[in-house]
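Report on the structure given below.
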Amino acid sequence: MSLIQNSVDSSASPETPSTGTLKQPRTYQVRTYGCQMNVHDSERMAGLLETAGLVAVEEAGPARILDTNGEAVPDVVVFNTCAVRENADNKLYGNLGMLAHIKESNPGMQIAVGGCLAQKDRDTIQKRAPWVDVVFGTHNVGALPVLLERARHNADAQLEILESLDVFPSTLPTRRDSVYSGWVSISVGCNNTCTFCIVPALRGKERDRRPGEILAEIQALVDDGAIEVTLLGQNVNSYGVEFGDRLAFGKLLRACGEIKGLERVRFTSPHPAAFTDDVIAAMAETANVMPQLHMPLQSGSDKVLKDMRRSYRSKKFLGILDKVREQMPQAAISTDIIVGFPGETEEDFQATLDVVEASRFATAFTFQYSKRPGTPAADLPDQLPKEVVQERFLRLTALQDRIAAEENAKQLGRKVEVMVTASSGRKAAETHRLSGRAQDQRLVHFSVPEGAQIPRPGDLVTVTITEAASFHLVADPATMADYSLRRSRAGDAWDLAQAESCGVPTAGGNDAARPKVSLGMPSLPVRTA
């Protein structure tokens, strides 16, 4: 779950005519599940709600309504759902059930459900949870405020599911979760027919944005202080199919390299079948494209890949990795893997282990196959027993944990540039460290030498790696010479956003149009003797 926090629109607190006092604005919360595309959509939902005059619940001051735990209860709760995993609907209905009693005792509260599960289940949601006010799909995110107002005015639940995209989400108002980095959608939908995946049925066929629109959005993010963008698409490297340019993605990466002030460009996720040499060349030759690649494998067995309708085989997959590393030796490569696909034999699973061993992934997102109604794989014979899938899953994760630790150990003694993030590690209070991401996306926890200036989120520090584990790196500079700080435009934007969220006037510019994000300034705990 994530709370997408947004700015307070001054027009949301009009004077009440009879009293002349300020009317308290309605509050909202967006709860996000699933992939980066959902995070991107949630930022648009939050932007739409803010444009309609609502205020993020944590920014609204003293709460009028508290739940049994003393937490503020929003006037509007929006669930942006995922339908990929088997327990997605259980999670949703469990959360809806917990809100039912709160809503019953708080007339006027509204609940909306959107995203992939809403697109799939449609009227099932209102049958199982009749207290839900609005159900909307992946194709009509922009209708959310209208549907909420209609439900409130008519005192009746609203269901609106479109079969094709209404408005491209990136053209909608947005409220970014971060001032130093941002998501930029280059396409929506998918033209592939993987047998395990329900996304094409829920997101539709691929639709591509024009390059000029994408670059204009990136420029706007940079103008607001961002120094990092991640290009999003179900298959980013098939970008251009709609307007007939198979080399469009590589060209887009190179165009990003021309944007002054943009320091880091990432993208997710490509499809191995469509990954071409021109993209590898563009990555290697464009200075701000980071040496990091997320390349979904799914299985190392050619038989299973065929059953999945993944139009590549293990040899091609490994060949892509070889080409990437030939041109970018320091590249960190991550992947997705499904264990226990129907019909997977022990021989098939061993083939996956062999490809994982050869690939040397920095990170792998591993999943146990779960049957999703509506997908071809759900009807395949030879569905594997849970205990078999679990045993294989444990073997795979043990292998990948070992490989990740070995690959991270190669970073020891290496100097890396880290972009500081707003969140620190779980043990930050004990370790007195801040956190950030290296250029290759590895997570780095680092300490600041005594007497050195503390960085802000968005600033960049250069440190030497002193410890390595499977899932993170550590840098504890021994002296000031082992630590350097580069204050960035993104750090300046962070300072500005913090000042504005506290109501501090700022000189110049249109404050109302500038994003205001309250993420909580990370603090560096003071060391004690």
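The first residue of the sequence shown is numbered 1, and numbering continues consecutively from there. Scope of the values below: all heavy atoms of this structure, side chains included, with no hydrogens, waters or symmetry mates.
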Point to revise | Short N-O contact, Glu263 and Arg486, less than 4.0 angstrom | key: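 Yes.
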Practice item. May I ask you to say whether Arg128 pairs ionically with Asp121, meaning some side-chain N is under 4.0 Å from a carboxylate O? Key: no
Looking only at heavy atoms, what is the nearest atom pair of [X] and [Y], with distance?
X: Leu96; Y: Ala129; answer: CD1-CB, 3.9 Å
X: Val222; Y: Lys260; answer: CG1-O, 3.6 Å
X: Ser42; Y: Thr32; answer: OG-OG1, 2.7 Å
X: Ala332; Y: Ala362; answer: CB-CB, 4.0 Å
X: Leu144; Y: Ala112; answer: CD1-CB, 4.0 Å

Go through the structure and list residues passing side chain to side chain donor-acceptor pair (under 3.5 Å) with [X], not counting sequence neighbours.
X: Gln126; answer: none
X: Asp123; answer: none
X: Arg254; answer: Glu285
X: Ser334; answer: His294

Exercise for review: State which residues pass side chain to side chain contact (heavy atoms under 4.5 Å, CB included) with Ala378; sequence neighbours excluded, sorted by chain then number.
Suggested key: Lys371, Thr375
**Study point:** Backbone of Met290 reached by a side-chain donor or acceptor of Gln439 within 3.5 Å
**Key:** no
Output side-chain donor-acceptor pairs under 3.5 Å for residues 150-159, partner residues at least two apart or in another chain, one line each.
unit_1: Arg152; atom_1: NH2; unit_2: Glu149; atom_2: OE1; d: 3.2
unit_1: Gln158; atom_1: NE2; unit_2: Asp156; atom_2: O; d: 3.2

Salt bridge (charged side-chain N to carboxylate O under 4.0 Å, His left out) against [X], all qualifying residues, sequence neighbours excluded:
X: Arg442; result: Asp440
X: Lys251; result: Asp245
X: Lys120; result: none
X: Glu163; result: Arg122

Review point. Are side-chain N/O atoms of Gln110 and Arg26 paired as donor and acceptor at under 3.5 Å?
Key: yes
Check your understanding: Should Arg489 and Ile227 count as side-chain neighbours, where that means a heavy-atom distance under 4.5 Å?
Key ->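 Contact flag for Arg489/Ile227 side chains = yes.
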Exercise for review: Compare all side-chain heavy atoms of Leu48 with those of Tyr28 and state whether any distance is below 4.5 angstrom.
Suggested key: no
Donor-acceptor pairs are to be reported for all side-chain atoms of residues 228-244 against protein atoms at under 3.5 Å, with residues two or more places apart or in another chain.
unit_1: Glu228; atom_1: OE2; unit_2: Arg266; atom_2: NE; d: 3.1
unit_1: Glu228; atom_1: OE2; unit_2: Arg266; atom_2: NH2; d: 3.4
unit_1: Asn237; atom_1: OD1; unit_2: His271; atom_2: N; d: 2.8
unit_1: Asn237; atom_1: ND2; unit_2: His271; atom_2: O; d: 2.9
unit_1: Asn237; atom_1: ND2; unit_2: Ala274; atom_2: O; d: 3.0
unit_1: Ser238; atom_1: OG; unit_2: Glu206; atom_2: OE1; d: 2.8
unit_1: Ser238; atom_1: OG; unit_2: Asn235; atom_2: O; d: 2.8
unit_1: Tyr239; atom_1: OH; unit_2: Arg209; atom_2: O; d: 2.7
unit_1: Glu242; atom_1: OE1; unit_2: Asp208; atom_2: N; d: 2.6

For a quick test of your reading: what N or O donor-acceptor pairs under 3.5 Å do the side chains of residues 34-41 make, sequence neighbours left out?
unit_1: Asn38; atom_1: OD1; unit_2: Arg203; atom_2: NH2; d: 2.7
unit_1: Asn38; atom_1: ND2; unit_2: Tyr33; atom_2: O; d: 2.7
unit_1: Asn38; atom_1: ND2; unit_2: Thr81; atom_2: O; d: 2.8
unit_1: His40; atom_1: NE2; unit_2: Arg44; atom_2: NH1; d: 3.4
unit_1: His40; atom_1: NE2; unit_2: Ser170; atom_2: OG; d: 3.2
unit_1: Asp41; atom_1: OD2; unit_2: Arg203; atom_2: NH1; d: 2.9
unit_1: Asp41; atom_1: OD2; unit_2: Arg203; atom_2: NH2; d: 3.3

